[in-house]
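Everything below concerns the one structure shown next.
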2 protein chains.
Amino acid sequence: MSSDLDIKRLHHDVALRLSSVGQRYTDGRQQIVEFLAGSPRPVGVAAIVKELPDIPQSSAYRSLGVLTQLNVTRRIAGTDDNGYYELSEDLVGRHHHHALCESCGRVVDIDSSSKLEKALTEAARIASEQTGFTLDAHRMDLVGLCRDCANKT
Amino acid sequence: MSSDLDIKRLHHDVALRLSSVGQRYTDGRQQIVEFLAGSPRPVGVAAIVKELPDIPQSSAYRSLGVLTQLNVTRRIAGTDDNGYYELSEDLVGRHHHHALCESCGRVVDIDSSSKLEKALTEAARIASEQTGFTLDAHRMDLVGLCRDCANKT
DNA sequence: ATTTATGCAAATCGTTTGCAAACCT
DNA sequence: AGGTTTGCAAACGATTTGCATAAAT
């Protein structure tokens, strides 16, 4: 099946990036990458160490640090000031955005579509002109209330 | 001049919201509100206590907490996991968005314009459908590099 | 007089770091 | 051997909280 191949290819790509700067693709790092690959949304460090109990917090943070530097992973700052991690877009080849719940901190993916991209590209262009910001691949986080939190009100 | 009137009206509105829940509009709280009113962008707590030295950190946090609960202020989570505060849109009557620098954490305002709003409203609609999120007045944070950080590269 | 706000210091929580041991190559 | 990663515990920085005092109504 293709997902099996994908994982192999993913590990291969990650290994390449690590070795290019003299870093090793250790078992713990592989576990983290694979876990992120299997998650439909960015995951917090708490969830990572819970799911991968033989990886202590400090190692998780350190690994995520080097992986993020090498652009293997990306860190999303949630509205709850926790870090959420996902594989970088150029590894998974899927452009997307995020919706952040301002009540519970949940982060979910918004898959890209041509209509959405068109709207956001235009928005990013205007915003960039006005602020002088470089909007790399127009990353955009929408802030609102997730369904659960909206229903609690 | 009109800004003088605006400030008076602002204080009046804030006082109203506070008193409606039995809270007092103390001098420290007035100072904070006035400082936020005078800033062109969301400000961090560090900046607040630096500019208003007779307000200790804990009081600043506590005041901002109640002001935010009453929707007098709003908290923006920066990419650096610090809290940045601004007056809420319904007090200042100016709809806007934010650009977050993913390198230095800086937060700047993006003034709204009809073209931008049109693009973002469309984006919010699509995203909302897909995620089930309620996108309150489509708040949207664009993440990229501010001019300073882009030049450092 | 009763409730609410303040100010200090201590606690908390996510995250980072120092250091010695374990691991690759 | 020589550099890298791990694991623990201690350090950190932003934010929160307990508690006794001060202020407002």
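Proteins come first, then strands; the chains are lettered A, B, ... in the order of their sequence lines, and each starts at number 1.
Closest non-hydrogen pair, A/A99 versus A/I110, comes out as N-CD1, 3.8 Å. Closest approach of A/R74 to A/R139, counting heavy atoms only: NH1-CD, 3.7 Å.
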Per-nucleotide protein contact string for nucleotides 15-25 of chain D, where B marks a base within reach and S marks sugar-phosphate only (heavy atoms under 4.0 Å, - for neither): BBBBB---BB-
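A donor atom on one side chain and an acceptor atom on the other are found under 3.5 Å apart for B/H97 and B/E117.
Both A/S59 and B/R29 lie near DNA chain C, and the one whose nearest nucleotide falls closer to the 5' end is B/R29. Of the two residues contacting DNA chain D, namely A/I55 and A/G22, the nearest-nucleotide position lying further toward the 5' end is that of A/G22.
The shortest side-chain heavy-atom distance between A/Q57 and A/V45 falls under the 4.5 Å cut-off. For the pair B/R17 and B/N71, the minimum side-chain heavy-atom distance is below 4.5 Å.
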Begin from the C-alpha positions of A/C101 and B/F133 and carry the test side-chain contact (heavy atoms from CB on, under 4.5 Å) through to its verdict. CA-CA 8 Å; A/C101 179; B/F133 266 56; 3.9 Å; yes
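Under the 3.5 Å distance criterion, the side-chain polar atoms of B/S39 are left unmatched by any main-chain donor or acceptor of B/L36.
Here the range on DNA chain C touched by chain A, meaning any atom under 4.0 Å from one of its heavy atoms, is C/dG14 to C/dC24.
Just one of B/L87, B/T73, B/L91 meets the side-chain contact (heavy atoms from CB on, under 4.5 Å) condition when paired with B/V14; it is B/L91.
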